K.L.:
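Would you mind keeping the following structure in view while I ask a few things?
All values reported here derive from a predicted model rather than from experimental measurement. Note on naming: letters A, B, ... go to the chains in the order of the sequence lines (proteins, then strands), and numbering restarts at 1 for each one.
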Amino acid sequence: MKGYRHLLDLDIILMVILGAFCTAFLIETYSFNPTAALFPRLVSIISLILILWTITGRCWILVRKTQDVSQPSEEVSARPEGSMVWYISLVTMVSYYLLTYILGFTLVTFIYLLALPPFLGYKKYKIVFITGILWTAGFVYVFKYILYARVPEGLTGIFFRWLTSRL
Amino acid sequence: MWYEGFAIALESHNLMYLLLGTIIGLVVGAMPGLGPLFGVGLMLPFTFGMPAATAIIFLASVHAATAYGDSIASILINTPGGVGSVASCWDGYPLAQQGKAGMALGISTTSSFIGGLIGWVSLVVISPLLILVALKMGPPEYFMVAFMALSLLAMASAGKVAAGLALGGIGLLLAFIGTDPITASSRFTFGTDYLEDGLPLVPVAVGLFALSQAIVLAEQGGTIAQIRSIGSIWQGFGETLRRPFTIMRGGIVGILLGVMPALGLSSANIVAYLVEKRASKNPETFGHGNPAGLVAPEVAKNSCILGDLIPTFTLGIPGSSTTALFLAAMTMHGLQPGVNFFKASGPLPYAIFSGILLAQITFFVLGLFFARYFAMTVLAPNAFIVPMIVFLSFIGSFAMRSRIEDVLVTIIFGFLGYILSKKDYPAICLLLGFVLGDITEANFHRSILIGRGSYLVFLSTTISIVLFTLTLLALIGPYLVSLGKKALAKERK
């Protein structure tokens, strides 16, 4: 059972994913002409060897730890992994990106700046609200009116532009 | 001529633009991902109506201040302000965590200024000599330089050599995405148009270091500074001046990499950091707030951005994308960069060079006075800083090419960077491989073509033999030294 658990070791999973990435690149090189394929093929083979070496080294460490019961395992010494903050951060980032297509960058930024601090435990709502407004207004002013930079306006922005042009 | 040049640069309207450029540069530079290229590119259209000297002085001040401003975010929130200040995070941020953010910013300000001075002196005094060396370098020598930089991967891997090298390999593979430099055929695009131009550097770097840091900070909670203090800016001033050899090493790396086309800002700070770590008697303290680990990349960064200007002014060949914009600005204003730059344009080149020097002084003075206020960031709650980092990272990634897909690339690399940092794998190896991928491959193929298929072309000139020997020494030198020490100790026993 313990040996089975080693397969779920994050280091090994990460290396396997990176190995799969290198393999995909290696396979892809066979569709290129020899000049274009030479260097990527060389690099992907060397990287694969190094990844296999790293996985072997990690397995060796884990096997030795399993055998030596007196030694505390890494899982025990590491920080407790109960926190889902990384998950919230990632989901909110992806949502931020996806909602940009619909609501536009300015509106999503405002919502994001208001929503995330309370999620992360910051309870001074007044400060969050004021800084959210100030940052968004500052951003709009600097990017749109000083730098003349284009920001994604989303479907809502396009709709409002259409609406104002009709009026 | 120099007197006339300084007189022009010191005219009131030039000084006003110098100050304005510095302020704009500081603001743009402090935003994650937005470096000198963005700053200078953004300001270029505003110079159309200006006189030639004013325009170049204004752009020079934006250039210098953006490069310096880049380090502010690197030090305070562990988020590279641009690709040129990635290495500034590694010892700058630990200093900020230790309640020495003020000192770290003091080091950054002083080192950037000294780096700028070194770059300026090189630009004015030794550029003809450097150009002679640069002109003698062909593809085999450039390949050797890139190979030498890649050999630093082993040292950047922080004890996990195989994993670090593998990550470097993956960085190289990512750099191969897009059009092949020799055959011009598409590679690894997997049928998507977006990948035809290759992966953009800024979103990759911002994702790996800024966004991953946002997740780490969100997890940590509290504030960045573990001690509620920011330390003294002036302490940083003293810490920098106490390290003349570090300054020298950083300056040499910056100038050399700056002079060589394509090997610029993105690699200078990383290479300088690794060289300094190798030269240090206490390499184990690097990454834990060693001031030398901040001085070296900062000096290298600012000397590199002026080193970049050397081939631009003297040969008319831009050393980087940013200096290509300078070249455009100069051409637009009727200046002719190249071998006759000094002879044909009267006092104007001297005014421009004086302006470049004044730009260094301006950001130094403003930096020393205002760094303290920037440093307060480390006392703000992480829950408050995280959304700001995410927002600035997104806008930084998007602004460069106005492509929303770049934001997705940032998120993907942010997650990868987070996992790598969580498991203590060196993400920097991936970035170093990515930065050097293009130049390594292109020069490898060009060399083989020159050598008509023979690999001996890489050892056909004195410069490439010297570079190869230095690389070998850098790789096996430490092992030989430690073996020698062990043998000596055995003999003594």
K.L.:
What is the ring orientation for F32(A) with F188(B), classed by angle as parallel under 30°, tilted 30 to 60°, or perpendicular over 60°?
P.N.:
perpendicular

K.L.:
Any idea which of A175(B), A214(B), A383(B), S185(B) has the most non-hydrogen atom pairs under 4.5 angstrom with chain A?
P.N.:
A383(B)

K.L.:
Could you tell me which portion of T100(A) (side chain, backbone, both or neither) has an atom closer than 4.5 angstrom to a non-hydrogen atom of chain B?
P.N.:
side chain

K.L.:
Can you tell me which of Y112(A), Y97(A), Y96(A) forms the most heavy-atom pairs within a distance under 4.5 Å of chain B?
P.N.:
Y97(A)

K.L.:
Does Y122(A), at its OH atom, have more than 12 non-hydrogen atoms belonging to other residues, nucleotides or ligands within less than 6.0 Å?
P.N.:
yes

K.L.:
Hey, mind stepping through I127(A) and F384(B) against side-chain contact (heavy atoms from CB on, under 4.5 Å) and telling me if it holds?
P.N.:
CA-CA 10 Å; I127(A) 295 176; F384(B) 207 65; 3.7 Å; yes

K.L.:
Pick whichever of A24(A), S89(A), S47(A), P40(A) has the most heavy-atom pairs under 4.5 Å with chain B.
P.N.:
P40(A)

K.L.:
Is any side-chain heavy atom of F21(A) less than 4.5 Å from a side-chain heavy atom of L174(B)?
P.N.:
yes

K.L.:
Show, in sequence, the C-alpha distance, side-chain angles and deciding distance for E441(B) and V43(A), and conclude whether the side-chain contact (heavy atoms from CB on, under 4.5 Å) test is met.
P.N.:
CA-CA 10 Å; E441(B) 191 192 15; V43(A) 173; over 6 Å; no

K.L.:
For I448(B), which atoms come within 4.5 Å of any heavy atom of chain A: side chain, backbone, both, or neither?
P.N.:
neither

K.L.:
Please identify, among T440(B), I411(B), V407(B), L408(B), the residue contributing the most non-hydrogen atom pairs under 4.5 Å to chain A.
P.N.:
L408(B)

K.L.:
Does the side chain of L120(A) come within less than 4.5 Å of N382(B)'s, by heavy atoms?
P.N.:
no

K.L.:
Using heavy-atom distances under 4.5 Å, tell me whether S186(B) contacts chain A through its side chain, its backbone, both, or neither.
P.N.:
backbone

K.L.:
May I ask you to test the F394(B)-T109(A) pair for a side-chain heavy-atom distance under 4.5 Å?
P.N.:
no

K.L.:
Going through the checks in order, is the side-chain contact (heavy atoms from CB on, under 4.5 Å) test met by M93(A) and T410(B)?
P.N.:
CA-CA 10 Å; M93(A) 279 177 204; T410(B) 307; over 6 Å; no

K.L.:
Minimum heavy-atom separation for A36(A) to R187(B), with atom names?
P.N.:
O-NH1, 2.8 Å

K.L.:
Drop me the distance from I419(B)'s CD1 to L10(A)'s CG, to the nearest 0.5 angstrom.
P.N.:
6.5 Å

K.L.:
Can you label the angle between the F39(A) ring and the F176(B) ring as parallel, tilted or perpendicular, going by 30° and 60°?
P.N.:
perpendicular

K.L.:
For the residue pair A166(B) and I51(A), what are the closest heavy atoms and their distance?
P.N.:
CB-CG1, 3.7 Å

K.L.:
To the nearest 0.5 angstrom, please state how far the CD atom of E219(B) sits from the OH atom of Y87(A).
P.N.:
14.5 Å

K.L.:
To the closest 0.5 Å, what do you measure between OG1 (T35(A)) and CG (L449(B))?
P.N.:
7.5 Å

K.L.:
Pick one of side chain, backbone, both or neither for V94(A), based on which atoms fall under 4.5 Å of a heavy atom in chain B.
P.N.:
both

K.L.:
Using the side-chain contact (heavy atoms from CB on, under 4.5 Å) rule, take L14(A) and Y425(B) through it: C-alpha gap first, then chi angles, then the decisive distance, then the call.
P.N.:
CA-CA 10 Å; L14(A) 179 66; Y425(B) 285 112; 3.7 Å; yes

K.L.:
Under 4.5 Å, counting heavy-atom pairs only, tell me which of D180(B), L167(B), V390(B) racks up the most with chain A.
P.N.:
V390(B)

K.L.:
L90(A) versus chain B, heavy atoms under 4.5 Å apart: side chain, backbone, both or neither?
P.N.:
side chain

K.L.:
In Å and rounded to the nearest 0.5 Å, what is the CZ to CD1 distance from F25(A) to I177(B)?
P.N.:
4.0 Å

K.L.:
Among F105(A), Y101(A), W53(A), which residue forms the greatest number of heavy-atom pairs with chain B at distances under 4.5 Å?
P.N.:
F105(A)

K.L.:
Taking all non-hydrogen atoms of both residues into account, name the closest pair between A163(B) and T54(A) and its distance.
P.N.:
N-OG1, 3.6 Å

K.L.:
State, yes or no, whether a side-chain contact exists between I170(B) and L18(A) at a heavy-atom distance under 4.5 Å.
P.N.:
yes

K.L.:
Which region of T131(A), side chain (C-beta onward) or backbone (N, CA, C, O), has a non-hydrogen atom less than 4.5 Å from a non-hydrogen atom of chain B, or is it both or neither?
P.N.:
side chain

K.L.:
Can you tell me which portion of L38(A) sits under 4.5 Å from chain B's heavy atoms? Options are side chain, backbone, both or neither.
P.N.:
side chain

K.L.:
Could you check which of L416(B), V386(B), I215(B), L173(B) has the highest count of heavy-atom pairs closer than 4.5 Å to chain A?
P.N.:
L173(B)

K.L.:
Tell me which of these, L420(B), T183(B), I182(B), has more heavy-atom pairs under 4.5 Å with chain A than the rest.
P.N.:
T183(B)

K.L.:
Measure up the F391(B) and W135(A) rings against each other and bin them: parallel (under 30°), tilted (30 to 60°), perpendicular (over 60°).
P.N.:
perpendicular

